[in-house]
Amino acid sequence: MRLLTPLLILLASCDPDDGRLDDGYWDAQDVTAASDGLYVRLLKSGGLAHITPEGAVLVDVGPGAVERVALAPDGLTAVAFVKRTRCESDDPRQTRRATYVSDCDPSERRYRTELLTLRGGEIEAANPIGTHFNAVTFSSDARWAIAWLDVSQPVALEGAGVVDLTSVQVLDLQAGSTTPISVGFAASSILFSEDAARAVVLSRDSVALVELDDDSPRRGTVFPLTLEAGQRFDPVGLGLTPDGTHALIAARGRDDLYALRLQPPSINLVNLSAAPAAMHILPPTHPDGDRLTDPLARDDRTILTYRSRAAVELVDHDSFVVDTLDLQSPANRIEALERQAVLWNDDGSRDVFGLDVDRLRTTRFRLQNPPLAVHLSPDAQFAVARTRASGGGGGEGVGDIYANNPGLEVLDLRDDRGRTTPFLLEDLAVGLAFSEGDERLDALVLQRNTPYLLQLDLLSLRQQELRLSETPLAIGNMPSRTGGSWGFWISHAAAFGLISFYEPGSGEITEVSGFAALALHDDVLLEQPEEDR
Amino acid sequence: MSVRWRHALPLATLLALSLPGCAGADFTMGEGRADAPEEYGDDGDGDGNGGAGEDLDDPELDDDFLSMPPSQSDVYVFVANPSRDTVSRIDVFSLEVRTAPVGSNPRVVRVTDNYAWAVVFNQGDNTVSILDTETLQGQTVGVRRNFNQMRMSAEGDWVALFHDRDAVRPDDPTPDGIQSFNEVSFVSVPDGEHHGVVVGYNPRDIKFSQDGATAVVVADQHLALVDLRAESLRPVLIPISDVLEPPAAEEVVLSGSGRYAFVRQRGADAIVSVDLDARSTLSLPVGANPTDLDLSPDGAMAVVVSRADNQIWIFDAEAPELPPEVLDLPEPLVAGSIRFNPDGDRAILYTTAALSRTFAIWNTQTDEVRLESLVKPVRGMAYTPTGDSLLVMHTRENSPDQLPGSDFYNHWAVSLLQVDDRALLQNAIKLPAEPMDFANAYDGRNGYFIMHNEPSLIQVDYDTLLYDAIALRSHPVFVGVLPPLETQTARPPAWASQEHDLGRISFFHPDSRRVETITGFELNNQIEE
């Protein structure tokens, strides 16, 4: 274990419940795991730490604050939003004296934002973007990214100047170029086609295509979603059919699934039985060959569930025929992996349903307590539900014991018998990851306020506790460059940073700490004028 | 047993004029296939039965539901979107939707018989849009103001528009103070050239000759002949009535050769034969209260049904001056309407102005008239395309002899009939709602109809007389069947447009029984490429 001694020792309060350190130096929940290490934002200095089992280094992002980090689908490329502040005082001496943002009067601050492309903790490119953008979506090959304003996230418009809420910024991460494109008011969802030839942007009342195939991004077809001015779409789901011919949109409060054929462009509304609560596109059994072009062999589907109706509907992608399967209770959430899906409800129901798409059947699993989250194992043979205490258990029976305690339930998806194995936990499960090994399939569970990692073998149901030095707050996979993952990271409630790396094969745990104090200052540096740099 | 006798004609001055036979597709706004049927002689007790005071002077209900041409080509269905000032074209096989802007408030789309052009009447701005059905490119042409009717010639080379006073709808645009009731607009479809002409007061209908060279405009006092081959269209008026307040011209048919036009006027006991070559007229007595006038399929006979006298009067359509043959019809038949089968060797006689369940089958070769009985009174009847079957739309009202509580009492119904010389096989179907629209498949095997506020399309099989209900997503508005396509072996689909604020149409493929629905096609014209 390596320790980095901080220059300043500060006592900070710690709320281990959510990992957010009040006025802290870092956020244990805000960890971006790339295949070559973790990126952790340093909250006071605005810096960025790159952490591996070998240690932590400060990424030289320059003066400014890293506001967010996002990982591209390739698992290696990360981008960091860096907001740079200059102080433009009427008094040049004042300007020169100001070192940190707090030294500059707010009325004299000027902002710009850069998107830094990172690999291995090194900056590969820097692209200016609009200061108001707070989200980014990547193509699967990580060549393209689109920066956009996600109004469901915190929005900071100070210093942004005149903001065009109809535009996004398309970044060519290879060429290092950016292109603003008008796509419609208030973009809310963006996705790329599998071949990265185009992006689909859902805005308040329209869908715009951004064409990328000739290296010069341009707006393509725009599909209206309503004929009524001012009517807005609140998407439940946005996806592309596996053959790339249609964009599918489900919206809150509407009982139609919008099927937009991209070429030649047309719009068709598929009538559903209610307004959907969740949507997921299932891939075909075999993505190659005739599966996608032969209507009779094609088996990719969109599944939709409803808050107000106890049913799941499956829509084929050829004729958009709707098959309806009744459930014993509504399900408003879908967890899916390849062609396996489980359906559950987050508003107190104890039902979880396994969905057999090929046989058009469902299996009901009845849990002891309502689920907080449901996780599918990598082989889709099991689902693990993190449950909360439902309360109301005033007696001493088994049911009452479960009702009064948080838990974990293992759902066996290998058959249709609806078998579950419930476990009582010491405290609420706040993180879960899966680890596959030889003849083992482990669920790694973090519990609130408990300084160990619970390792549960789903095949044998044997448990093991892995002691940790501090209370863990979050857990995630460490992606491998060749796919899959080589281990796990675990963040802890430690004021100056503590990350454990766990490698299941060897059982080894490596800790890296103190990285939150890497920066030698606890304020964001100002960008100096050009002539002074 | 029927009696056939000859009736002597009065002498009349004959004028020489020639006119080919008539044909063409019509659209009439204001009648509406969804219009409620007339209320039959309610005796005031609210039981829906006709009272003793049924007025047989009422006109027959001309519910020609089987011949209403759909707006379709061989692969496309065209839908006018009045609220968007657009027309949507839906490819039935690929489900591709394309939309083209047209004039204001398009009310009707008609496709020419060769499927080359779609002609749109835009009532909001008094224009006609002519679109190439493949490219949807075209032009919009101004016509004279305040029209509500459009007729298309057989080949589709011409459309004619006029104002029918009896077809005014509550939602028609309000005339802006200046209005003529004598004008007709002719538009040449291939080149979009407009010709406005003045004809007789209050035109009732327009017929085109088979070759499309001549149009006949019938008004109450005049027939107007328009030579469509002329560079400048000039109507020739032929008086058909010499009274100051002429009776309304209810019906006009053209003989097969096109030489003669026959006009039936409301309340008159004669029809007017107009020799369009000689430009002369001849009044032909036809018995009391003639209520229907029809031409046999071969064009040889012009037949008048005289309801009050319960007779049919049969004229030689190419020699109307010859004495007619008159056939007395047996009681208790009340006949006011006639429909020929496609071969012309049979015709059905029935009435829609009285609550009668009796109809007759007239063998035109032997003059035998055979009476048959239905489950309910008739709202409309027609032969199917093969002539082997009949479809009957019934009234909801009951005949006087229907007992309360019987199967069809106070219900809508349709009947499917198979007729041969020996027996009548029928399947009477009770319906939950009023049937609104009907269409037949071209091969005569199936028919389709829809009902008011019922989300289903009903398919009937004319061979088995059985029916099937196909569920729709919302209430249907119109129904149609596509013609057969040489490149397709499967039977062409039927379509049903439905209520939806963004547009909805379903296609039913009879061989696979698959239903494909497009919803939201009105959004398609807003797509920006």
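Predicted, not measured: the structure shown is a model, and the values here were computed from it. Here is how names work: the chains are called A, B, and so on, in the same order as the sequence lines, proteins then strands, and each is numbered from 1.
- Proximity to chain A is absent for every atom of Arg98(B), based on heavy atoms less than 4.5 angstrom apart.
- Counting only residues at least two apart or in different chains, side chain to side chain donor-acceptor pair (under 3.5 Å) contacts with residues 191-202 of chain A comprise Ser193(A)-Asp195(A), Arg198(A)-Glu211(A).
- Heavy-atom proximity under 4.5 angstrom to chain B picks out Gly220(A), Thr221(A), Val222(A), Phe223(A), Pro224(A), Leu225(A), Thr226(A), Leu227(A) from residues 220-227 of chain A.
- For Tyr115(B), the OH atom counts as densely surrounded, since its 6.0 Å shell holds more than 12 non-hydrogen atoms of other residues, nucleotides or ligands.
- Below 4.5 Å, heavy atoms of chain B meet heavy atoms from Asp256(A), Tyr258(A), Arg261(A), Pro264(A), Pro265(A), Ser266(A), Ile267(A), Asn268(A), Leu269(A), Asn271(A), all part of residues 255-278 of chain A.
- Under the side-chain contact (heavy atoms from CB on, under 4.5 Å) criterion, Val515(B) pairs with Ile470(B), Ser506(B), Phe508(B), Thr517(B), not counting sequence neighbours.
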